[in-house]
Chemist: 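The structure is given below, and queries will be raised subsequently.
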Amino acid sequence: MKRCHNQLYRSSNQAWLAGVCAGVAECYGQPVWLIRILMVTLFVFSGSLAALVYLAGAFLLEKRPTQLPPSADRRPKFGYGEDAAQRAKQLSERMQQLDQRLQAMERYVTSSRYRFDKEFNKL
């Protein structure tokens with residue numbers, strides 16, 4: 001998650017309750033659903049800590065002023081990288097390299113050189 005360069009506000013654009021999750025999402029350039037999932041996960045594992053954090057955000061954060069334009073870049077800051085075809089090609093190349101390495105290891109283990117090295121190491 002990138003560092004927040006904007007000031008943190010409660011946002012009413014996509015708010016469900018107080019707008020804390022929406023404000024955090026706008027500040028860090030992440031989708032709101034991701035922040036909500038993180039809050040639910042925090043609630044599941046910590047119980048009341050998540051509720052306290054949310055309430056603290058609701059009372060301590062200012063509401064986003066209406067004269068401020070919404071953040072210009074609404075796209076999530078994280079990308080999914082290259083397209084699926086490119087990733088599939090890279091994966092195929094890696095699998096071929098892995099297969100070649102495995103074949104080389106198998107050739108070595110089944111060779112007389114391996115038995116010789118093994119017997120030599122026992123000495």
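Basis for what follows: all heavy atoms, side chains included, without hydrogens, waters or symmetry-related copies. Computed from a predicted model, the values in this text were never measured in an experiment.
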Chemist: Please report the interatomic distance CG(L42) to CD1(I37), rounded to the nearest 0.5 Å.
Modeler: 13.5 Å

Chemist: Can you list every pair that meets salt bridge (Lys or Arg N to Asp or Glu O under 4.0 Å) and has a residue in residues 111-123, with sequence neighbours left out?
Modeler: R113-D117, E119-K122

Chemist: Using side-chain contact (heavy atoms from CB on, under 4.5 Å) as the criterion, list what pairs up with Q103, not counting sequence neighbours.
Modeler: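 In terms of side-chain contact (heavy atoms from CB on, under 4.5 Å), with neighbours along the sequence ignored, Q103 is linked to D99, R107.
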
Chemist: Search all heavy atoms of S46 against all heavy atoms of L49 and return the closest pair with its distance.
Modeler: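 That closest heavy-atom pairing would be OG-CB, 3.4 Å.
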
Chemist: Grab the two heavy atoms, one from Y108 and one from Y114, that are nearest each other, plus how far apart they are.
Modeler: O-CB, 2.9 Å

Chemist: Atom CD in Q100, atom CG in L102: separation rounded to 0.5 Å?
Modeler: 11.0 Å

Chemist: For Y54 and V20, which heavy atoms make the closest approach, and how far apart are they?
Modeler: CE1-CB, 3.6 Å

